[in-house]
Peer 1: 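Pasting a structure here, questions to come.
None of these values were measured; they are calculated from a predicted model.
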Amino acid sequence: MNCGKICDGISQDGIEEPTKKVIVTSKSQICSLLGIDIDRKTIVSLLKKQGISVKADGGKLVCEIPLVREDIDAYPDLAEDIMRFYGYENIVSTHSENTHQTRGFIDTHDENVQKIREKLSSLGIDETLNYSFISPDACDKLLLAKDDACRNMIPVKNPLSRDISMMRTQLVSSMLATLSRNHARKNDSLRYYELDKVFIGKLPLETLPQERDTLCVGFMNAGDFYDIKYVVSQIAEVFGEYDFTPSAKSYLHPKQSLHIEGNGLHGDFGKLHPLVCENYDLPAEVYIMQLDMIDAMNTPHKFAKYTPISKLHPVDRDFAFVVKKEVPVGDMIRSLKTASEFIYDIKLFDIYEGEQIEQGYKSVALSVRLQPTDATFSDSVIKQIADGIIEKAEKEYGAKLR
């Protein structure tokens with residue numbers, strides 16, 4: 001037709017013709033991945049049964065993959081196929097060298113956390129969760145001293161905002177911020193708790209900060225000082241005995257606050273200071289509590305010890321001691337309880353300061369209950385115990401019997 005030109009060679013347009021993959025592996029490489037030892041002949045035999053051509057090249061295995069096996073890209077795929085035909089029942093269970101076997105039950109810490117949460121829920125207190133970050137102004141709003149340890153806050157390198165730019169060293173500011181937001185939305189009667197971590201570190205930070213389990217409870221128009229004291233007592237009783245002393249926390253009312261020391265826990269609670277209420281736009285009736293509980297949370301729960309109820313009648317004796325004003329009555333009571341094994345309880349029922357008492361002194365009236373165990377007390381035994389109480393009060397606290 002004389003309308004074209006003859007070209008040399010053949011040209012083709014379309015998808016390239018696929019080529020077979022070649023994967024180079026070895027017996028040791030496959031066995032190391034599977035964690036068991038398989039004979040080299042068995043490996044070659046299993047691969048060939050699947051249509052994979054295998055050639056030995058010294059210690060290596062050169063595998064040519066059929067075109068239909070598009071799922072095989074590297075030696076782990078070959079190891080998977082080998083194991084599938086060799087039998088998964090031949091895999092031996094082992095543990096990683098860098099890990100340890102965990103026990104299949106709740107540990108002491110988690111058990112205590114669960115116990116505290118159940119206790120607080122039973123008291124009608126709801127849980128709240130807050131960010132672990134706070135504002136750098138939080139310590140100023142709590143009226144904390146310049147040298148207070150809570151001011152050693154760890155800054156966040158890339159904070160979302162200034163209000164959450166510091167790792168918190170206390171939970172009180174977060175709780176008050178939560179109460180304040182609710183108060184602004186007319187939710188005026190609340191009982192909240194938060195059980196979480198605070199981060200204590202020494203600046204400049206060279207090691208990871210210590211994460212301490214801390215409990216914070218906040219009441220807003222939902223109770224008084226004695227209500228939050230009852231909550232504190234219920235929590236402390238879970239771990240054992242506890243004592244109250246005056247609190248020196250700046251964010252608490254100086255006349256309506258206490259410090260608690262218990263078995264593995266310590267902290268402060270009471271009415272919120274009026275200036276702190278203003279800083280957070282809160283009403284006057286706000287009560288707050290914070291406990292450091294890291295040691296208590298890791299302490300196994302102790303079961304209560306019971307003793308038989310005595311069939312003998314107890315004996316009550318009242319004492320009125322004159323002591324210096326600065327003598328803590330709580331310390332005095334704890335000390336006097338050790339004066340005799342028969343002292344069952346000592347209760348304070350009156351403190352008097354007036355005309356009949358020397359200036360700088362106070363009269364402390366105590367009711368002491370004595371409980372006989374084997375036989376009824378005679379007058380001489382009661383007198384002996386009473387003299388021991390008076391002697392101990394005079395020797396340790398300079399007390400005089402009125």
Side-chain angles (χ1 to χ4, degrees), residues 96-100 102 106-114 116-117 127-181 192-218 232 235 239 247-252 257 259-270 272-273 275-276 279-280 282 288-299:
S96 171
E97 296 179 357
N98 298 321
T99 60
H100 64 278
T102 57
I106 298 176
D107 62 15
T108 299
H109 177 275
D110 292 343
E111 184 179 358
N112 284 331
V113 168
Q114 184 177 349
I116 293 302
R117 285 197 169 117
E127 184 175 12
T128 181
L129 298 175
N130 294 295
Y131 285 121
S132 296
F133 317 111
I134 57 175
S135 167
D137 300 329
C139 293
D140 293 331
K141 295 175 76 173
L142 292 177
L143 310 178
L144 297 182
K146 296 299 180 182
D147 59 347
D148 195 295
C150 288
R151 287 188 176 272
N152 295 327
M153 294 181 289
I154 302 167
V156 180
K157 287 187 176 181
N158 54 343
L160 295 176
S161 70
R162 186 175 182 277
D163 288 340
I164 49 174
S165 61
M166 296 287 182
M167 301 293 291
R168 60 182 178 179
T169 55
Q170 39 73 31
L171 302 184
V172 174
S173 59
S174 300
M175 177 61 69
L176 295 180
T178 298
L179 295 177
S180 179
R181 283 193 297 272
Y192 280 158
Y193 80 87
E194 183 176 10
L195 182 56
D196 214 330
K197 307 282 188 183
V198 296
F199 304 89
I200 308 298
K202 187 176 181 181
L203 299 177
L205 197 64
E206 297 179 352
T207 58
L208 290 174
Q210 186 180 13
E211 299 182 21
R212 302 188 66 87
D213 293 305
T214 305
L215 171 65
C216 184
V217 175
V232 175
I235 297 301
F239 303 100
S247 174
K249 285 296 182 182
S250 57
Y251 56 81
L252 295 176
S257 59
H259 177 80
I260 183 172
E261 287 281 347
N263 186 19
L265 59 85
H266 62 88
D268 300 86
F269 66 94
L272 197 63
H273 196 287
L275 294 179
V276 180
N279 292 340
Y280 282 92
L282 288 167
I288 202 82
M289 173 266 281
Q290 179 173 279
L291 296 180
D292 183 302
M293 304 188 68
I294 186 169
D295 294 329
M297 289 302 188
N298 293 293
T299 302

Peer 1: Are Asn152 and Lys202 side-chain neighbours, meaning at least one heavy-atom pair lies under 4.5 Å?
Peer 2: no
Peer 1: Applying salt bridge (Lys or Arg N to Asp or Glu O under 4.0 Å), can you list everything that pairs with Asp213, at least two apart in sequence or on another chain?
Peer 2: Lys197
Peer 1: Test of understanding: with salt bridge (Lys or Arg N to Asp or Glu O under 4.0 Å), list the residues that count as partners of Glu211, not counting sequence neighbours.
Peer 2: none
Peer 1: Quick check for you: to the nearest 0.5 Å, what is the distance between Lys141 atom NZ and Ile134 atom CD1?
Peer 2: 10.5 Å
Peer 1: So do Met293 and Asn112 actually touch side chain to side chain, heavy atoms under 4.5 Å?
Peer 2: no
Peer 1: Which value, rounded to the nearest 0.5 Å, describes the distance between Asp196 atom CG and Leu215 atom CG?
Peer 2: 10.5 Å
Peer 1: Indicate yes or no for a side-chain donor-acceptor contact from Asp295 to the backbone of Gly264 under 3.5 Å, with no hydrogens or angles considered.
Peer 2: no
Peer 1: Taking C-beta and beyond as the side chain, do Phe133 and Arg168 meet within less than 4.5 Å on heavy atoms?
Peer 2: no
Peer 1: With side chains defined as the heavy atoms from C-beta onward, is the minimum distance between Met175 and Thr128 less than 4.5 Å?
Peer 2: yes
Peer 1: What salt bridge (Lys or Arg N to Asp or Glu O under 4.0 Å) pairs are there with at least one residue in residues 142-156, not counting sequence neighbours?
Peer 2: Asp140-Arg151
Peer 1: With heavy-atom distances below 4.5 Å as the criterion, would you say the side chains of Lys249 and Ser257 are in contact?
Peer 2: no
Peer 1: If you look at every heavy atom in Leu179 and Leu282, which pair is closest and at what distance?
Peer 2: C-CD2, 3.7 Å
Peer 1: For Tyr251 versus Leu142, what's the shortest heavy-atom pair and its separation?
Peer 2: CB-O, 3.4 Å
Peer 1: Any chance you could measure Met167, atom CE, to Leu205, atom CG, to the nearest 0.5 Å?
Peer 2: 10.0 Å
Peer 1: Using the test ring pair (Phe, Tyr, Trp, His ring centres under 6.0 Å), find all partners of Phe269 that sit at least two apart in sequence or belong to another chain.
Peer 2: Phe225, Phe244
Peer 1: Check the pair Thr214, Gln170 against side-chain contact (heavy atoms from CB on, under 4.5 Å), reporting the backbone distance first and the verdict last.
Peer 2: CA-CA 8 Å; Thr214 305; Gln170 39 73 31; over 6 Å; no
Peer 1: If you compare all heavy atoms of Tyr131 against all heavy atoms of Ser174, which two are closest, and at what distance to 0.1 Å?
Peer 2: O-OG, 4.3 Å
Peer 1: Just so I know, are the side chains of Leu252 and Ile288 near enough to count as touching, which here means a heavy-atom distance under 4.5 Å?
Peer 2: yes
Peer 1: Kindly indicate, with the supporting measurements, whether the criterion side chain to side chain donor-acceptor pair (under 3.5 Å) is fulfilled by Asp268 and Ser247.
Peer 2: CA-CA 6 Å; Asp268 300 86; Ser247 174; 2.8 Å; yes
Peer 1: Just checking, is any N or O donor in the side chain of Thr299 or Asn263 under 3.5 Å from an acceptor N or O on the other one?
Peer 2: no
Peer 1: Can you name the residues that form a salt bridge (Lys or Arg N to Asp or Glu O under 4.0 Å) with Arg212, not counting sequence neighbours?
Peer 2: Asp292
Peer 1: Spell out, as yes or no, whether a donor-acceptor pair under 3.5 Å connects the side chain of His266 to the backbone of Leu291.
Peer 2: no
Peer 1: Mind checking the CE-SG spacing from Met153 to Cys139? Nearest 0.5 Å is all I need.
Peer 2: 4.0 Å
Peer 1: If we only count heavy atoms from C-beta on, is the Ile154 to Leu203 side-chain gap below 4.5 Å?
Peer 2: yes
Peer 1: Sequence neighbours excluded and cut-off under 3.5 Å, please list the side-chain donor-acceptor pairs for residues 155-163, or say none.
Peer 2:
unit_1 : atom_1 : unit_2 : atom_2 : d
Arg162 : NH1    : Asp137 : OD2    : 2.8
Arg162 : NH2    : Asp137 : OD1    : 3.1

Peer 1: So does Leu171 get a backbone contact from the side chain of Gln290, meaning a donor-acceptor N/O pair under 3.5 Å?
Peer 2: yes
Peer 1: Locate the shortest heavy-atom distance separating Tyr280 from Ser173; write the atom from each residue and the value.
Peer 2: OH-CB, 3.4 Å
Peer 1: Got a second to check how far His273's NE2 is from Leu143's CG, nearest 0.5 Å?
Peer 2: 6.5 Å
Peer 1: Would you compute the distance between atom CE of Met289 and atom SG of Cys216 and round it to the nearest 0.5 angstrom?
Peer 2: 7.5 Å
